[in-house]
K.L.:
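Handing you a structure now.
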Amino acid sequence: MDEKYFPKKVEQKWQKKWVESGAFEAEIDDTKPKFYQLEMLPYPSGNLHMGHVRNYTAGDVVAWYKRLKGFNVLHPIGWDSFGQPAEDAAIKRGVNPREWTENNIVAMRGKLERLGLSFDWRRQMAAHRPEYYKFDQWFFLKMYEMGLAYKKATQVNWCEHDQATLSNEQASGGLCWRCGNSVTKKNLEQWFLKTTAYADELIDGLAPIEADWPPAVVKRQRDWIGRSEGAYVDFAVRVPPSDVIAADGGMQNLIRVFTTRIDTIYGVNAIVIAAEHPIAEEFKSWFASEVAAKIGAMRAEKLKPTDYETEVEKDGIDTGLKAVNPFSGEELPVWVGNYVMMEYGTGAVMSVPGHDERDFEFAKKFGLPIKKVIESIESVESDESIESTNPRDSIDSQDSAFTDYGVMINSAEWTGKSTVDAKKEMAVFAAENGFGETAVTYRLRDWGVSRQRFWGSPIPIIYCDKCGVVPEKYENLPVALPENAPLTGTGESPLARVPEFFETKCPTCDGPAHRETDTMDTFIDSSWYFFRYTDPTNPVLPFSEDVAAYWTPVDQYIGGDDHAVMHLIYTRFWTKVMRDIGLVKFDEPVKRLLTQGMVVGETFFDDETGKRVYHTPENVVTTRDAKGKITDAKSTDGKLLKHAIERMSKSKGNGVDPDEMVEIYGADAARLFVMFAAPIEHELVWNEAGIEGAVRFLQRVWRLVGKWKDALAQPATPAGESSEHTRALRRKTHQTIKRVTDSLESLQFNTPVAALMELTNAISDFEVEPSGASEDERHSVREALTGLVLMLMPFAPHVAEEIYSVLLGNEEGMVANGARFPEFDAGLAKAEGVEIPVQVNGKLRSRITASPEAANEDLEAMAFADAKIAELVAGKDVVKVVVVPGRLVNIVVRG
RNA sequence: GCCGAGGUGGCGAAAUUGGCAGACGCACUAGACUUAGGAUCUAGCGUCGAAAGACGUGCGAGUUCGAGUCUCGCCCUCGGCACCA
């Protein structure tokens, strides 16, 4: 053992040993409980950033802990290797996307290996390889057969900056998930997967896993799916002046609205439809010219980039059409309104300004009547009776709508009922009378998966002039990407310019046909990748049902919360589809989810040009306030700089390359520090200074072992009678085992490191010279050191292996030894004499030392016997004495 | 605007869930060893105070023998959503 700890030497040695012994290669083993530890797969950009280090280290800690606890652990990694960056690199630098991707994978794998992450590399998958994307296509065909994949013309989300279509999830907030620019709409024919078919299941399936998923993710998924329960109501359309029913008859003369508040229907003042509503199209020629013009303008407005900063002002126009309220028979105007969305519900609403904020605003603006039909329970109770209440037809004077539930007024035979009851009854009434039904709508839309991109999995569909849309045959999969395609980034499908690719024969009639030239959204790849790890080379199926049945579902998943409504909804959807195909027998893919906070760094920009400035102590000078926040930043040549906190990466110039950190401080110190620096779910503002502390800690452990190793080489068994200081050390050891075990079980990674540091300090403070140590002393130090090292293994595996082999006196490490996590002994951890605080009137005044089992009366007597307490209590009335056994004594006095 | 999370030393944070606030670490201060210190060791380090002591977990109330923790009201910060009928 070297005098000093040289991380590089130790790390290279053990990484090599692990590879040679296949230490992390997991196979099905029915003699052990299985544990599937998964982290979100990286995009192979070629570079590692601190966010990766945090994510994969946390996963590695869990994987190691579970292995040491006797589980058969599957801990795989792969590559989300399809997608835009490879295509961008190809366009910008003329490289081949395949080569670029493969090279990056090699580079990035090396960086991950140097961190000593315990992955089973044999199982890695890469989305861009035909043996993987073949099964994206396999699934697509299955979904096509099941009626879950369909094509339709639609307005899609379009990012002008990236020249790319986006699913609703990827355009959340009206901004592109990748580049953050505003999203516009574009008309395209596009393939969809019917996620809405599973909307109820996607909501209801959250309940059983809720306790083990972060509340924020569960909530965002619920909101995203957005189930709301209400009713459809049909309003007949009349065309003035002669009350002509629309010529087509049938459904065309009805406007169907969706409402969650049918109980407010006597307060309807108008029907408001979206500009894209079919009625608006049907009566186009009937409308006055200014109405038609306005509708056209409103449609165009909706295609503009979405600006969520400024609130859109309500706008609309009376179409001149009339609609009849089926409950009251009242005739109402039909308006077109910009606040009604064609995509949600039926694209038409009944406007109730008295009880809906948006309708209220709309009515105010256009001077429409506002009628009150619901009163709060309090105001009804204070009024004498509902009958005698003079109906207030207008609440124009009020400045907001009353949106709560309450009691019905001005609502014919429903008056006086509670709105909660009326809501149910009125929907039933509407259904019985043929003008409505109870209904549930969702915010969730189907998943648009077509991408006009090259670097993705081709959609395995063929268009034949004779047979129409024909799915490719399973035996012809994969539909392989051609080696070369003209990549222009113009938003046209590159595959449409490769005749060798799209010219084909119809699988049904063998006639001339052409292939779909769009590729799939890359989120398809990541929807099922972790099932492929279980059976990575299966040539005929995505994975075998039996193999997956052993390993899946995932026991612990760790990744960023930025995927709360993208990846994590898609993969839940995919799992339910796989269940219906018969590949898996469960509903939810992930038992327990942990979302780690981002690692961010300070970024600087040139104030004038907006260009990034690399942040090194040499070129940026900052002044900071008391909280350490930057108040002012300048470059060394005097230019004013803007600053921001951004996700850390080398390309943003706000952070180190983890590889450099490993080079300087070692992988163990880097891992340890990242785990220790902040709770895993918090955002971590990167500050490199702290890593020195991790290095110091490991050096300290190393020196301690160096100091004791010769003495510990001699045999030592615990003596029957031991002295106080050895019992104290054993106590600390076992208390630490409990703390570390509990922390890791609850996925806390910062507090166990602190506990290990405390144990190290305790061993350090054990004031016995190793050469003169008794057998008993040697035994307690051995127990403390081996315990320390075993518990350190998940965080700093290389140095732990080295120290463990030193303590064992041979070259074997923990892996080779089948080492186990230390077991907690409650008896040994129990304190003998504890310091018990004594309070007088709730204020700490003294401490007494007693056995933790001391009886309440004894503690009380000891407290009163304490000189200081006696003095404070003297001459006063003791009102009460509170004794918490083993914890505290509080004496309440008066006078 | 609505929803969610949170506010504890100079900084990152602990606090067995109502029982010694600030563990552990970073930064800092003083000292020792040293040719040297960005190594190591020792001591200190919430605020005021010479000390005794007093005060102290965003602010204000409340419950309790006792509140960082529970209740109510307010302020602030950070995230999410974007007219979802």
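Hydrogens, waters and symmetry mates are skipped; everything else that's a heavy atom, side chains included, is used. As the structure is a prediction and not an experimental result, all values here were calculated from the model.
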K.L.:
Mind checking who B:rU40 pairs with, Watson-Crick or G-U wobble, both distances under 3.5 Å?
P.N.:
B:rA32

K.L.:
Between A:V753 and A:L672, is any pair of side-chain heavy atoms under 4.5 Å apart?
P.N.:
yes

K.L.:
Taking atom P in both B:rG22 and B:rA27, compute the distance separating them and give it to the nearest angstrom.
P.N.:
22 Å

K.L.:
So A:R222, base contact, sugar-phosphate only, or nothing? Heavy-atom distance under 4.0 Å.
P.N.:
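Counting heavy atoms under 4.0 Å across all strands, no contact is made by A:R222.
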
K.L.:
For A:V340, answer base if it contacts any base atom (sugar-phosphate contacts may also be present), sugar-phosphate if it contacts only those atoms, and nothing otherwise; contact means non-hydrogen atoms under 4.0 Å.
P.N.:
base

K.L.:
With rounding to whole Å, what would you report as the distance between B:rG19 and B:rG9 at their C1' atoms?
P.N.:
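My reading of the C1' atoms in B:rG19 and B:rG9 gives 23 Å.
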
K.L.:
What does A:M757 touch in the nucleic acid at a heavy-atom separation under 4.0 angstrom: a base, only the sugar-phosphate, or nothing?
P.N.:
sugar-phosphate

K.L.:
Contact class for A:R845 (heavy atom, under 4.0 Å): base, sugar-phosphate, or nothing?
P.N.:
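Sugar-phosphate contact only.
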
K.L.:
Could you give the distance separating B:rU42 and B:rG79 at their P atoms, to the nearest angstrom?
P.N.:
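42 Å, rounded to whole Å.
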
K.L.:
Considering every strand and a 4.0 Å limit on heavy-atom distances, what is the contact class for A:D742: base, sugar-phosphate, or nothing?
P.N.:
nothing

K.L.:
What does B:rG79 pair with, Watson-Crick or G-U, if both distances are under 3.5 Å?
P.N.:
B:rC3

K.L.:
For A:E343 and B:rC83, what is the distance between atoms CD and P respectively, to the nearest whole Å?
P.N.:
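From A:E343 CD to B:rC83 P: 10 Å.
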
K.L.:
Using a 4.0 Å heavy-atom cut-off, does A:D223 contact any base of the nucleic acid, only the sugar-phosphate backbone, or nothing at all?
P.N.:
nothing

K.L.:
Watson-Crick or G-U wobble partner for B:rA54, using a 3.5 Å limit on both distances?
P.N.:
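B:rU47 - that is the nucleotide pairing with B:rA54, both distances being under 3.5 Å.
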
K.L.:
With respect to the side chain of A:N761, which nucleotide from B:rC83, B:rG25, B:rG19 is positioned closest?
P.N.:
B:rG25

K.L.:
Under the criterion side-chain contact (heavy atoms from CB on, under 4.5 Å), which of A:V878, A:V889, A:V838, A:L859 is the partner of A:F864?
P.N.:
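Of the listed options, the one satisfying the test is A:V878.
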
K.L.:
Any strand is fair game: report the nucleotide pairing with B:rG22 by Watson-Crick or G-U wobble, both distances under 3.5 Å, or none.
P.N.:
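Pairing partner, where one exists within any strand: none, as none qualifies.
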
K.L.:
How far, in whole Å, is B:rC11 from B:rA23 if one measures between their P atoms?
P.N.:
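Those two atoms are separated by 15 Å.
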
K.L.:
If you look at every strand shown and take non-hydrogen atoms under 4.0 Å, does A:Q839 touch a base, only sugar-phosphate, or nothing?
P.N.:
base

K.L.:
With the side chain of A:R443 defined as its heavy atoms from C-beta on, choose the nearest nucleotide among B:rA82, B:rG19, B:rA14.
P.N.:
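Closest nucleotide among those given: B:rA82.
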
K.L.:
Whom does B:rA13 pair with, Watson-Crick or G-U wobble, provided both distances fall under 3.5 Å?
P.N.:
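For B:rA13, the partner nucleotide comes out as none, under the 3.5 Å rule.
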
K.L.:
I need the CZ-P distance between A:R739 and B:rA15, as an integer number of Å.
P.N.:
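Nearest whole value for this atom pair: 9 Å.
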
K.L.:
Taking the minimum atom-to-atom distance to the side chain of A:R696, which one of B:rC83, B:rA39, B:rA13 wins?
P.N.:
B:rA39

K.L.:
Among the candidates B:rA15, B:rC41, B:rG12, find the nucleotide nearest to the side-chain atoms of A:T751.
P.N.:
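The listed nucleotide nearest to A:T751's side chain is B:rA15.
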
